[in-house]
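Worth knowing before you read on, the calculation uses all heavy atoms, side chains too, and leaves out hydrogens, waters and symmetry mates. Chain letters run A, B, ... following the sequence lines, proteins first and then strands; every chain starts at 1.
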Amino acid sequence: MPELPEVETIRRDLAPELEGRRITAVRIHHDDIIIDALPGAEFRRRLEGRHILAVDRRAKWLLLRLDLGILVTQLRMTGRFAVGRGAVPPLAGFRHVAAEFDLDDGRTLFYDDVRRLGGFLLLSEPEWALEESRFGPEPLDSGFRAADLGQALRRGRAPVKNALMDQSRVAGVGNIYASEALHRARIDPTRPVSDLTDEEVRRLHRSLRRILRSSLDSSGTTFRDYRAVNGRSGSFQTLLEVYGRDGEPCTNCGQVILRIVQAGRSTYYCPGCQR
DNA sequence: CTTGTACCCTGACCGC
DNA sequence: TGCGGTCAGGGTACAA
């Protein structure tokens, strides 16, 4: 799924399209995208007629705040949105539409998801508050200091790459930005979090925020499946220094970038300058 | 408690 | 052209 910069890009795209609109009809083509296992008919009944007050983000989740409850969505690996007029979105790549939400201005919000790993939850405020309490701090919040990152990371002995992706420690960081931030901070991804020095935590804090911010400026990384709203691509992939670049020379020291597997996912790093 | 592994699902890609 | 294996930016349930 898209990570923090991608989900935030989608949020910025969707907000002006959806805020103030009313949902007039809902069509669900695959019940398995209703994550809380609400029957499709019940999900529809509870959504139709609702007003969308605001579009927010927390970690990698999008929140459509309604006049009654919150429609929470998670795109996981291949979820996408489009807003358009007509029965089928006029776009390449929308071949697996799983849900459609008609709006009161005559347009439709389409949700497409090839693998159907993503989907929706319809929650009350207290239910969302409970879900939300599991997330660590937002790394781009102005109040998020190096000391906060240190506190979040220095628990147990997990490899720092795994810890960065743990949503209960820091919210919104996934596989791409974990690798990129560690490379920029010159930290070996296999290092146990308990061994990081204060200086290394400060470097990681700075690198992580810089990378997330500049990716956001590029509308995210379209490496494979991710698209912003209506098929728009991000461009940060041209600025990736290690992700997907195994076998190429490190831009910093020239050594060959390696791919290893941590917690079942690919990690890319430079054994020359990441210590 | 923390950490690792299997799994959900489909499609793209690579080597033979 | 076909076939099998591997991989994919995520998160969860469950095991150790």
### Message
Quick one: does any side-chain atom of Gln274(A) pair with a main-chain N or O of Ile187(A) as donor and acceptor, under 3.5 Å?
### Response
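Yes.
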
### Task
Check every nucleotide of DNA chain B for an atom under 4.0 Å from a heavy-atom of chain A, then give the first and the last such nucleotide from 5' to 3'.
dT2(B) to dG11(B)

Any salt bridge between [X] and [Y], counting N to O under 4.0 Å?
| X | Y | result |
| --- | --- | --- |
| Glu138(A) | Arg57(A) | yes |
| Asp102(A) | Arg27(A) | yes |
| Glu200(A) | Arg191(A) | yes |
| Asp112(A) | Arg95(A) | no |
| Asp198(A) | Arg154(A) | yes |

### Query
According to the interplanar angle, ranging from 0 to 90°, do the rings of Phe135(A) and Trp128(A) count as parallel (below 30°), tilted (30 to 60°) or perpendicular (above 60°)?
tilted

### Query
With under 30° as parallel and over 60° as perpendicular, where do the rings of Tyr243(A) and Tyr268(A) fit, or are they tilted in between?
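Taking Tyr268(A) first and then Tyr243(A), their aromatic rings stand perpendicular (interplane angle over 60°).
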
What is the separation between atom [atom1] on [X] and atom [atom2] on [N], rounded to the nearest whole Å?
| X | N | atom1 | atom2 | value |
| --- | --- | --- | --- | --- |
| Leu75(A) | dG10(C) | CG | P | 12 Å |
| Asp36(A) | dT12(C) | CG | C1' | 15 Å |
| Ile260(A) | dC7(C) | CD1 | C1' | 17 Å |
| Met77(A) | dG11(C) | CE | P | 10 Å |
| Gln167(A) | dT12(C) | CD | C1' | 12 Å |

#### Entry: No-hydrogen, no-angle side-chain donor-acceptor test under 3.5 Å, Asn252(A) and Arg186(A)
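Yes, side-chain donor-acceptor contact under 3.5 Å.
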
### Flag for Tyr177(A)-Ser215(A): side-chain donor and acceptor within less than 3.5 Å
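Judged by distance alone, the side chains do pair up.
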
### Query
OP1 or OP2 of dA8(C) less than 4.0 angstrom from a side-chain nitrogen or oxygen of Ser266(A), does that happen here?
yes

### Task
Could you check which of dG10(C), dG11(C), dC7(C) has an atom nearest any side-chain atom of Arg259(A)?
dC7(C)

### Message
Applying a 4.0 Å non-hydrogen cut-off, can you work out what Arg227(A) is touching in the nucleic acid: base, sugar-phosphate, or nothing?
### Response
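If one applies the 4.0 Å heavy-atom cut-off, Arg227(A) turns out to touch nothing in the nucleic acid.
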
### Message
Please list, in numerical order, the residues of residues 112-139 of chain A that have a heavy atom closer than 4.0 Å to any atom of DNA chain B.
### Response
Val114(A), Arg115(A), Arg116(A), Leu117(A)

### Query
How far does the P atom of dA13(C) sit from the matching atom of dC9(B), given to the nearest Å?
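These two P atoms come out 16 Å apart once rounded.
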
### Shortest non-hydrogen contact from Phe144(A) toward Arg209(A)
O-NH1, 3.4 Å

### Task
Using Watson-Crick or G-U wobble pairs with both distances under 3.5 Å, give me DNA chain B in dot-bracket, 5' to 3', with [ ] for crossers and | for pairs to another strand.
.|||||||.|||||||

